[in-house]
Asks: 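Mind having a look at this structure? Questions to follow.
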Amino acid sequence: MARKFNNRSQNNRNQLAAQTKAKSGGNKLFPQLVEKTVTQTRQDIAKMVAARNAFNNSDSPSSYLFYNLIDVIMDDALLTSQVENRIQDSLGTSFNLRKKGGDIDPELTETYQNSELFNDLITQIINSRLYGHSLIEFDWKQDGLNEPQLKIDLIPRQNVLAKKGVMLFDYNEDKGVKFREVPEYGTWILEFGKPGQMGLLNKAIPHVLFKKFAQSCWSELCEIYGIPPRVYKTDASDPQAVARGKKMMQDMGSAAWFIIDTEESFEWAKGVNTNGDVYGNLLNFCDNQNSLLISGAVVGQDTKHGSNSKEQASQKLLSKLVLADMAMVEMYMNSKVMPALARIGVVPADFVFQWEISEDLGTLWERTVQALAHFDVDPEWIKDKFGIEVTGVKQNAIPLPGSNLNVAESFFV
């Protein structure tokens, strides 16, 4: 049944794409968006407060300030790596597509296992936990002479007022469409996440802004104290002497310099003696806070106080968060995505998405060895599970600890 469906889907995909374009091409939301040029400006805590207030405004909400700020903080290398680690753990896990209550369809699973469509879907579902909300739209796209492929477009979050269910064509204006009321909603247009929530990245904003501040101050400290300024004393009332001194200082190098009168003096204001530790400590604190936020622990970066046991405990905490993400992905895939794909016609009806959770082969092997002393185990299962080719009974096999039974005898009896 699945093979016939796949063949029919491939043969009719061009026709299906053409019909879809004719029926709903004019109602597509993504092509109607006004592309905006975002200028990078200095961000501070005052702008963070203003962005949050605009987002939470009950009368006239605005999301573009907040999500423009999120785009800025995602330039932070550590935050990006933590987010990518969390998402890639889910993308690297295999999944199966099966008939509800039936067997796995290997052909359909292989088709979508490494497809751009499912990778993007899984990513945007997980991003709804990080960003607060994701609104996507299906569309047919064709590359060259290849057959049309179903892909998704993420509606820019700056243009979405999720709490009101409105997508703005230009986020600086109030003209838009109520996307939950259009006929395509639920099939071609899907949303993930809870409307009105800011997501985990909202809590990372102050730490990234403080980190940028610390980096800037540390850089300025290096500029001032790393290359000491030069002082030239001369008769400041003599223009020729000043001009000669100016040219001399310019020709000597790139370090800061100044000219003062012979009767004038210059002194550095006395402050706290530091080599930058205060800034380094602030940088580490901000990095650790963002690691705790995204990964649940400081994973792989605290090399000074790190240990193997700490890393293992941190990886377990991250694994729990990844499993929660995977559970959320499976929920959205089966409640929204798979029914929508069935209505579009690219998967059979009543098919479900299911993660393939990998087994702990080390623990399973220990249990298998213990079971051999008391039970018969199928050699074919051993081969499939562990890749061990069992060719016959080994004579004079070593007995299992605590047992008088022979491994080979108990295995093949």
Side-chain angles (χ1 to χ4, degrees), residues 9 13 15-36 55 61-64 66-67 70 87 97 112 115-142 148-171 173-199 328-353:
S9 179
R13 192 165 292 171
Q15 181 180 358
L16 180 60
Q19 293 174 353
T20 301
K21 185 175 181 181
K23 291 180 180 179
S24 60
N27 296 328
K28 291 295 182 182
L29 299 183
F30 189 78
Q32 301 182 61
L33 295 172
V34 177
E35 188 174 355
K36 306 289 288 186
F55 187 94
S62 176
S63 61
Y64 75 93
F66 176 75
Y67 284 113
I70 293 294
I87 294 176
L97 301 179
Y112 290 110
S115 68
E116 182 180 353
L117 173 64
F118 271 62
N119 274 12
D120 289 345
L121 283 167
I122 293 171
T123 298
Q124 295 308 329
I125 292 175
I126 298 176
N127 276 342
S128 68
R129 190 186 296 277
L130 300 170
Y131 290 84
H133 186 266
S134 295
L135 181 66
I136 62 103
E137 182 176 38
F138 289 110
D139 195 6
W140 293 103
K141 295 185 180 179
Q142 187 166 3
Q149 299 292 328
L150 189 66
K151 297 183 180 181
I152 69 168
D153 291 313
L154 173 69
I155 305 298
R157 295 180 176 88
Q158 288 88 338
N159 295 72
V160 179
L161 305 178
K163 205 167 185 179
K164 289 195 169 185
V166 174
M167 189 212 76
L168 302 175
F169 301 122
D170 185 335
Y171 60 67
E173 301 178 0
D174 56 0
K175 183 179 179 181
V177 59
K178 294 184 177 181
F179 58 83
R180 296 190 183 107
E181 297 179 6
V182 299
E184 294 81 8
Y185 181 76
T187 299
W188 294 94
I189 300 172
L190 301 178
E191 63 175 330
F192 311 115
K194 295 182 178 180
Q197 287 193 348
M198 292 182 171
M328 181 180 68
V329 169
E330 191 169 305
M331 181 270 293
Y332 276 120
M333 291 294 288
N334 292 325
S335 63
K336 292 188 175 184
V337 176
M338 294 302 289
L341 294 179
R343 287 191 290 271
I344 293 173
V346 296
V347 299
D350 297 328
F351 262 58
V352 295
F353 174 99

Asks: Please, which pairs that meet salt bridge (charged side-chain N to carboxylate O under 4.0 Å, His left out) have at least one residue in residues 117-130, sequence neighbours excluded?
Replies: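 Sorted pair list: R129-D325.
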
Asks: Taking side-chain contact (heavy atoms from CB on, under 4.5 Å) as the definition, give me every residue that meets it alongside P339, ordered by chain and number, with sequence neighbours left out.
Replies: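 P339: side-chain contact (heavy atoms from CB on, under 4.5 Å) contacts with R343.
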
Asks: Does K175 reach the side chain of D170, with side-chain heavy atoms less than 4.5 Å apart?
Replies: no

Asks: Do the non-hydrogen side-chain atoms of F192 and I126 ever get within less than 4.5 Å of each other?
Replies: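 Result no, sub-4.5 Å side-chain heavy-atom pair not found.
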
Asks: Does the side chain to side chain contact (heavy atoms under 4.5 Å, CB included) test come out yes or no for Y112 and V346, once each step is laid out?
Replies: CA-CA 11 Å; Y112 290 110; V346 296; 3.6 Å; yes

Asks: Would you sort out whether M333 and I125 count as a side chain to side chain contact (heavy atoms under 4.5 Å, CB included), showing the intermediate values?
Replies: CA-CA 9 Å; M333 291 294 288; I125 292 175; 3.9 Å; yes

Asks: Taking all atoms of both residues into account, what is the closest heavy-atom pair of M198 and F55, and its distance?
Replies: CE-CD2, 3.5 Å

Asks: Work out which heavy atom in L168 is nearest to a heavy atom in V166; give both atom names and the distance.
Replies: CD2-CG1, 3.8 Å

Asks: Under the side-chain hydrogen bond (donor to acceptor under 3.5 Å, both in side chains) rule, collect the residues that match up with S115, sequence neighbours excluded.
Replies: none

Asks: Keeping to residues at least two apart or across chains, list the salt bridge (charged side-chain N to carboxylate O under 4.0 Å, His left out) pairs with something in residues 185-195.
Replies: R180-E191

Asks: Only pairs at least two apart or in different chains count here, so list each side chain to side chain donor-acceptor pair (under 3.5 Å) that has a residue in residues 332-341.
Replies: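 As it turns out, there is no side chain to side chain donor-acceptor pair (under 3.5 Å) pair with a partner in residues 332-341 once direct neighbours are skipped.
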
Asks: Counting N and O atoms only, with roles assigned by atom type, does the side chain of S63 sit under 3.5 Å from a partner on the main chain of Q158, one being a donor and the other an acceptor?
Replies: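 Side chain of S63 to backbone of Q158, a donor-acceptor pair under 3.5 Å: yes, one is there.
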
Asks: State which residues pass ring-ring contact (aromatic ring centres under 6.0 Å, His included) with F353; sequence neighbours excluded, sorted by chain then number.
Replies: F95, W355

Asks: Which residue pairs pass the salt bridge (charged side-chain N to carboxylate O under 4.0 Å, His left out) test when at least one of the two sits in residues 150-166, sequence neighbours left out?
Replies: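 Passing the test, one end in residues 150-166: E116-K151, K141-D153, D143-K151.
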
Asks: Please report the closest heavy-atom contact between A349 and A342, naming both atoms and the distance.
Replies: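 Minimum heavy-atom contact is CA-CB, 4.0 Å.
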
Asks: Answer yes or no: is there a side-chain heavy-atom contact under 4.5 Å between V347 and M338?
Replies: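 Yes, at least one pair of side-chain atoms sits under 4.5 Å.
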
Asks: With rounding to the nearest 0.5 angstrom, report the CG to CG distance, D139 to L150.
Replies: 8.0 Å

Asks: Less than 4.5 Å apart, side chain to side chain, heavy atoms only: is that true for I136 and L121?
Replies: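 Answer yes - side chains close enough.
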
Asks: How long is the span from the CZ atom in F118 to the OG1 atom in T123, to the nearest 0.5 Å?
Replies: 12.5 Å

Asks: For V182, what residues pass the side-chain contact (heavy atoms from CB on, under 4.5 Å) criterion, not counting sequence neighbours?
Replies: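 For V182 the side-chain contact (heavy atoms from CB on, under 4.5 Å) partners, ignoring immediate neighbours, are V177, E184, Y185, I189.
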
Asks: Kindly give the heavy-atom pair with the smallest separation between P195 and A162, and that separation in Å.
Replies: CB-O, 3.4 Å

Asks: Do the side chain of S134 and the main chain of N127 share a donor and acceptor less than 3.5 angstrom apart?
Replies: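 Side chain of S134 to backbone of N127: no pair is present.
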
Asks: Supply the atom-to-atom distance N119 CG to I87 CD1, rounded to the nearest 0.5 angstrom.
Replies: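 Nearest 0.5 Å value for the CG-CD1 distance: 11.0 Å.
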
Asks: Counting only heavy atoms not in D174, do more than 12 fall under 6.0 Å of its CG?
Replies: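 No, not enclosed.
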
Asks: Atom CD1 in I122, atom CD in E330: separation rounded to 0.5 Å?
Replies: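 Output value for this atom pair is 10.5 Å.
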
Asks: Is any side-chain heavy atom of F138 closer than 4.5 Å to a side-chain heavy atom of L341?
Replies: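 The answer is yes, as the side chains (C-beta and beyond) meet within the 4.5 Å cut-off.
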
